[in-house]
Each structure stands twice: as structure tokens, then as C-alpha cells.
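Structure first, then comments.
Only a predicted model underlies this, so the values are computations on that prediction, with no experimental measurement involved.
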Amino acid sequence: MINIGIVGAAGYSGVELIKLLLNHPEAEIKKLYGQSTAGLRIDEVHTCLRNLISLQIENFSEESLNELDVIFVALPSGQAFEFVKAAYNNNVKVIDIGGDFRLKNMDDYKKYYKHEHKAQELIENSVYGLSEWNENAISKAKIVSNPGCYPTSILLALLPLLKNDLIDNSFVSIVSYSGTSGAGKSAVQNMIFSEVNENVRAYKVGNHQHIPEIKYYLESFGNKSVNFSFVPHLLPATRGIYTTINAQMKKGVDDKLIKEVYLTTYSSKPFIRFLENSIPEMKDVAYTNFCDIGFVINENHTITVFSTIDNLVKGAAGQAVQNMNILFDLPQETGLLKWNKNMKLQLK
């Protein structure tokens with residue numbers, strides 16, 4: 001069994017992680033850590049967990065790591081340093097669901113996250129946990145940095161086109177929409193029900209913290225630079241990410257070639273559902289670890305690509321469990337999906 005600790009267990013991503021791990025055949029939750037909730041049982045904080053788990057939330061201590069194989073850190077950016085350092089120094093694998101170890105450039109980190117990085121010596125030891133594109137590096141990692149929810153939806157949809165040189169990389173337009181749970185549990189006036197209900201608004205246009213992450217990993221995995229715009233929006237929904245990408249196709253590219261590239265890229269990836277003849281809908285991925293991808297070719301030889309994920313699952317806790325499976329040499333779908341290994345996408 002894999003002995004697990006969760007830092008930030010009472011947050012949205014933390015409780016989603018608990019629900020997933022309770023169904024994992026190789027996982028045992030040993031420790032739940034928190035600050036304001038320390039001393040309470042997790043089923044007192046989240047009553048949806050009654051009769052499922054009654055473990056007490058405790059203050060973090062480095063000594064308690066001796067019981068663990070891996071810890072998940074589900075905290076806002078700027079708060080993971082202490083826990084990641086402690087795990088690394090005690091030879092405990094760590095999966096950081098927040099943003100503290102995604103960026104390699106510390107100037108970008110300070111600019112977009114608005115504070116100094118306090119564990120720069122560990123940056124080169126962290127591996128980006130985009131499961132479908134970085135499996136080999138993840139399998140050898142001590143620190144896995146879980147991707148952001150927006151970048152997950154964007155990278156999975158755009159990388160096959162970029163890497164196979166099917167689109168003009170001089171400009172790509174990316175527009176994404178997120179449910180309100182992406183902002184976490186902090187009480188903020190513009191996130192209350194009466195502000196978000198029956199409303200859609202763009203936010204952090206041009207300065208969203210995920211911009212350097214998107215840019216760096218598009219270039220790293222796509223093997224070429226790309227100029228793009230990214231406009232995030234807030235939806236009056238609790239969960240979900242919906243992304244629409246527009247790009248100019250290269251000469252000679254047609255729908256048959258695009259389908260072939262997506263099917264070839266993701267034929268063995270159980271959590272990518274490529275929709276050849278339809279446009280994805282957010283409701284179809286809710287509470288799952290799937291990323292649904294579809295596309296439309298327009299008359300002006302541009303392509304519109306659509307992708308959707310659940311921001312709390314594939315965009316956070318689910319992908320974290322997927323990465324844990326890779327770390328411990330388990331099939332990626334363990335605890336997340338009953339997957340028949342003979343199920344493959346067929347080229348048509």
C-alpha cells in the first residue's frame with residue numbers, strides 16, 4: 001500500500017483528493033494536515049465524508065513524514081515551500097497541486113505570483129506533471145508539480161497541433177472559462193453568489209499567473225516557440241474548464257490529417273477522449289478525470305479546437321492521483337477509471 005499524507009486536506013482540491021483516494025486500491029490515507037481546521041475530524045469539516053473517513057486533521061510535523069511514502073500539497077501559491085522542503089529532505093515523494101514549482105524562471109514567478117520563491121534550490125528537482133506528455137520524467141521524480149487547470153486544458157488540446165507543425169505558431173488565440181471553485185475557498189466579495197450568478201466576466205487579462213506556464217510548456221513539449229493571447233473568464237458554475245483555441249492551419253493540412261494526429265497522439269491515453277464529429281460539453285466531464293477534445297475547420301482555413309475538463313479533477317486532484325500512479329509504477333487509470341487495456345482509439 002502507498003501511505004499518503006495530504007496538506008490542505010480541507011480545501012476544495014484536498015477533499016476531492018480524499019474522495020478519489022478512498023476508491024484507490026493501493027492507497028491508504030494516513031495523515032491529514034491543516035491549520036485552521038486542525039483538531040477537527042475531516043468528516044466534521046466536510047460532512048459528505050461521513051461514514052467514509054473520520055481521520056483527524058492535525059498540524060504538520062516533519063516527524064510524521066516517517067510514516068508516509070508521498071504527500072500531496074493542496075495549498076495556494078506561496079504556501080507550499082515548507083512542506084515540499086520537509087518531504088524532499090526526508091526522502092518522501094511530493095506532489096504539489098499548487099503553483100509553486102511549475103515555473104523555472106524565478107523572475108516570472110515573482111512577476112505573476114506577486115511574491116518571492118522560498119525554495120529556489122528545489123526548482124531543478126521538480127518535474128512538471130502533465131501526465132500524458134511527461135510520463136518518463138514523472139516516474140523518476142521526487143517532486144511533481146501538478147499543472148494548473150487552465151494549462152491542462154490548453155496544453156492537451158494544442159500540443160499535438162504544435163508539435164506536428166500543423167498550425168501557424170505566429171499567433172494563436174486562447175479563450176478559457178472556469179467555474180468558481182478554481183479560486184479556492186477564500187471569501188472574496190466578487191466571488192459571492194450574487195456577483196457571479198447570471199454573469200460571465202473576463203479577468204486577469206494579460207497578467208494571469210498561468211501565462212508563463214502555458215508559454216514555457218508549449219515550447220518545451222511542442223518544440224517551438226508560439227505567440228498567443230490568453231483570455232480567462234469566470235462562469236456562474238461551481239466546476240469545469242472550457243477552452244476554445246483558434247489558429248491558422250498550415251498549407252496542405254486538412255481534417256483527415258488533424259484527426260490522425262490526435263488519434264495517434266492519444267490512442268493509448270485513457271483520459272483523453274477525442275471527439276471526431278462533435279464539440280465537447282463541460283457537463284460531460286464533470287466529476288471525471290477526462291479531457292474531451294474536438295475541433296472544427298473554418299472556411300478561411302483556420303481551426304477552432306475545443307477542450308473541457310473538470311478543474312477539480314483533471315485540473316487538480318485527479319491528475320495528481322494519475323501522477324501518483326506513475327510515481328509508483330501503477331497503471332495511470334488506477335483508482336480513477338476501470339480501463340480495458342484492449343480499448344484503443346482506432347484510426348479511420
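Contacts classified as ring pair (Phe, Tyr, Trp, His ring centres under 6.0 Å) and involving residues 301-333 (residues at least two apart or in different chains) are not found. Applying the side chain to side chain donor-acceptor pair (under 3.5 Å) rule to pairs touching residues 284-298 yields Arg273-Asp292, Asn289-Gln322, Asn298-Thr302, Asn298-Thr304, sequence neighbours excluded. Sorted by first and then second residue, the salt bridge (charged side-chain N to carboxylate O under 4.0 Å, His left out) pairs with a member in residues 92-109 read Arg102-Glu213; sequence neighbours excluded. Pairs passing the salt bridge (charged side-chain N to carboxylate O under 4.0 Å, His left out) check and including a residue from residues 46-55, sequence neighbours excluded, do not occur. Judged as a salt bridge (charged side-chain N to carboxylate O under 4.0 Å, His left out), the pairs with a partner in residues 125-154 (not counting sequence neighbours) are, in order, Glu132-Lys314. Pairs engaging residues 4-22 under the salt bridge (charged side-chain N to carboxylate O under 4.0 Å, His left out) rule: Glu16-Arg239 [sequence neighbours left out].
Asp310 places a side-chain N or O within donor-acceptor distance of the main-chain N or O of Leu312, the cut-off being under 3.5 Å. The main-chain N or O of Asn3 is found under 3.5 Å from a side-chain atom of Asp69 such that the two form a donor-acceptor pair. Listed for the Ser307 side chain is a donor-acceptor partner under 3.5 Å among the backbone atoms of Ser153. A distance-only check finds a donor-acceptor pair linking the side chain of Lys85 to the backbone of Lys118 [under 3.5 Å]. Within the 3.5 Å criterion, the main-chain N or O of Ser126 finds no donor-acceptor partner in the side chain of Ser145. Panel note: side chain Asn311, backbone Gly240; a donor-acceptor pair is recorded below 3.5 Å.
Under a hydrophobic clustering in which Ile, Leu, Val, Met, Phe, Trp and Tyr are joined whenever their side-chain heavy atoms come within less than 4.5 Å, directly or via other members, Leu263 and Val296 fall into different clusters. Residues Tyr177 and Val305 fall into different hydrophobic clusters, defined by Ile, Leu, Val, Met, Phe, Trp and Tyr side chains chained together at heavy-atom separations under 4.5 Å. Linking Ile, Leu, Val, Met, Phe, Trp and Tyr whenever their side-chain heavy atoms come within less than 4.5 Å leaves Ile279 and Met249 in two separate clusters. Using a 4.5 Å cut-off between side-chain heavy atoms of Ile, Leu, Val, Met, Phe, Trp and Tyr, with links allowed through other members, Tyr112 and Tyr216 fall into the same hydrophobic cluster.
Separating the CD1 atom in Ile241 from the OG atom in Ser181 is a distance of 8.0 Å, to the nearest 0.5 Å. The distance from the CG atom of Asp255 to the CG atom of Asn277 is 9.0 Å, given to the nearest 0.5 Å. Residue Leu158 holds its CG atom at 10.5 Å from OG1 of Thr243, rounded to the nearest 0.5 Å. Rounding to the nearest 0.5 Å places CG of Leu159 at 5.0 Å from CG of Leu155. Here the straight-line distance linking atom CD1 of Ile326 with atom OG of Ser131 works out to 4.5 Å at 0.5 Å rounding. For the atom pair His117 NE2 and Met106 CE, the distance stands at 4.5 Å (nearest 0.5 Å).
The shortest non-hydrogen separation linking Glu198 to Pro236 is N-CB, 3.9 Å. Closest non-hydrogen pair, Gly129 versus Asn323, comes out as O-ND2, 2.9 Å. When all heavy atoms are compared, the tightest approach of Ile154 to Ser176 is CD1-OG, 4.0 Å. The heavy-atom pair separating Ala316 from Ser13 by the smallest distance is CB-OG, 3.7 Å. Closest of all the heavy-atom pairs between Ala320 and Ile95 is O-CD1, 3.5 Å. Shortest non-hydrogen contact noted between Val73 and Val84 is CG2-CG2, 4.4 Å.
The pair Glu260-Lys256 does not meet the salt-bridge criterion, since no charged nitrogen lies less than 4.0 angstrom from a carboxylate oxygen. Under 4.0 Å is where a charged nitrogen must lie from a carboxylate oxygen, and between Lys110 and Glu116 at least one such pair does.
Ring-plane geometry between Tyr150 and Tyr203 is classed as tilted, the angle between the planes lying from 30 to 60 degrees on a 0 to 90 degree scale. Relative orientation of the Tyr113 and His115 rings is tilted, given thresholds of 30° and 60° on the angle between their planes.
By the salt bridge (charged side-chain N to carboxylate O under 4.0 Å, His left out) test, Lys163 pairs with no residue at all, sequence neighbours left out. Evaluation of the side-chain contact (heavy atoms from CB on, under 4.5 Å) rule for Leu257 yields Leu166, Val253, Asp254, Val261 as partners, not counting sequence neighbours. In this structure Asn89 satisfies the side-chain hydrogen bond (donor to acceptor under 3.5 Å, both in side chains) test with no other residue, sequence neighbours excluded. In this structure Asn105 satisfies the side-chain hydrogen bond (donor to acceptor under 3.5 Å, both in side chains) test with no other residue, sequence neighbours excluded.
No side-chain donor from either of Thr334 and Glu26 sits under 3.5 Å from a side-chain acceptor of the other. Using a 3.5 Å distance cut-off with no hydrogens or angles, the side chains of Lys114 and Gln209 do not pair a donor with an acceptor.
Other residues, nucleotides and ligands contribute over 12 non-hydrogen atoms within 6.0 Å of the CG atom of Asn227.
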*Given Tyr128 and Trp133, is the side-chain contact (heavy atoms from CB on, under 4.5 Å) satisfied, shown in steps?*
CA-CA 9 Å; Tyr128 192 63; Trp133 284 82; over 6 Å; no
*Checking side-chain contact (heavy atoms from CB on, under 4.5 Å) for the pair Ile293/Thr308: CA distance, chi angles, key distance, verdict?*
CA-CA 7 Å; Ile293 299 172; Thr308 186; over 6 Å; no
*Test log, rule side-chain contact (heavy atoms from CB on, under 4.5 Å), inputs Phe295 and Glu276*: CA-CA 8 Å; Phe295 75 94; Glu276 294 186 53; over 6 Å; no
*Take Leu49 and Ile18 through the test side-chain contact (heavy atoms from CB on, under 4.5 Å) and record every step on the way to the result.*
CA-CA 9 Å; Leu49 297 174; Ile18 291 169; 4.1 Å; yes
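Ring pair Tyr242/His233: centre-to-centre distance not below 6.0 Å. Ring centers of Phe274 and Tyr262: under 6.0 Å apart, within the cut-off. Taking the centre of each ring, Phe230 and His208 come in below the 6.0 Å mark.
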Can you list, pair by pair, the side-chain donor-acceptor contacts under 3.5 Å of residues 29-43, counting residues two or more places apart and other chains?
{"unit_1": "Lys31", "atom_1": "NZ", "unit_2": "Glu58", "atom_2": "OE1", "d": "3.4"}
{"unit_1": "Tyr33", "atom_1": "OH", "unit_2": "Ser64", "atom_2": "OG", "d": "2.5"}
{"unit_1": "Arg41", "atom_1": "NE", "unit_2": "Asp43", "atom_2": "OD1", "d": "3.1"}
{"unit_1": "Arg41", "atom_1": "NH1", "unit_2": "Glu44", "atom_2": "OE2", "d": "3.4"}

Show me the donor-acceptor pairs, under 3.5 Å and distance only, between side chains in residues 168-175 and residues at least two apart or in other chains.
{"unit_1": "Asp168", "atom_1": "OD1", "unit_2": "Ser170", "atom_2": "N", "d": "2.9"}
{"unit_1": "Asp168", "atom_1": "OD1", "unit_2": "Ser170", "atom_2": "OG", "d": "2.8"}
{"unit_1": "Asp168", "atom_1": "OD2", "unit_2": "Ser170", "atom_2": "OG", "d": "3.1"}
{"unit_1": "Asn169", "atom_1": "ND2", "unit_2": "Ser225", "atom_2": "O", "d": "2.5"}

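When each of Glu333, Gln332, His24 is tested with Asn325 by the rule side chain to side chain donor-acceptor pair (under 3.5 Å), just one qualifies, namely His24.
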